[in-house]
Amino acid sequence: TKVDAGLDFNGTVVRPGLIPALIEVAAGPKFFGKPAPSEERKQELLNLQVQTLTKLGDWLEGKLYVGGQKLSLADF
């Protein structure tokens, strides 16, 4: 279904593209005492986020909601 496709897209494209930066740049150093990533690594993570958000924007283009034209679980 469209909802399943939305959830799959989130799990296979969106999360892997956004979570590493959250963990390595923000949560790791601030909450868990991990060393901050190098500037080069930060740039890699930023580039990954830009690519991911571009894919997300392309995928959502023309859709009212993630699952189609009605609000669904995938929208949350």
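Here the CG atom belonging to Leu56 is positioned 11.5 Å from the CD atom belonging to Glu61, to the nearest 0.5 angstrom. The structure places CD of Gln49 at 9.5 Å from CD1 of Ile19, a figure rounded to the nearest 0.5 Å.
Here the closest non-hydrogen pair linking Pro29 and Pro37 is CG-CD, 4.5 Å. Across every non-hydrogen atom of Pro20 and Leu45, the tightest pair is CB-CD2, 3.8 Å. Of all the heavy atoms in Val25 and Lys30, the pair that sits closest is O-NZ, 4.4 Å.
Follow the hydrophobic side-chain contacts under 4.5 Å out from Leu48 and you never reach Leu46; the two are in separate clusters. Cluster annotation: Phe9 and Leu53 are assigned to the same hydrophobic cluster (Ile/Leu/Val/Met/Phe/Trp/Tyr, side-chain heavy-atom contacts under 4.5 Å, transitive). No path of Ile, Leu, Val, Met, Phe, Trp and Tyr side chains, each step under 4.5 Å between heavy atoms, connects Val50 with Leu18, placing them in separate hydrophobic clusters.
Among residues two or more places apart in sequence or in another chain, the side-chain hydrogen bond (donor to acceptor under 3.5 Å, both in side chains) test is passed with Arg41 by Glu24, Glu44.
In this structure, a donor-acceptor pair under 3.5 Å is present between the side chains of Asn47 and Gln43.
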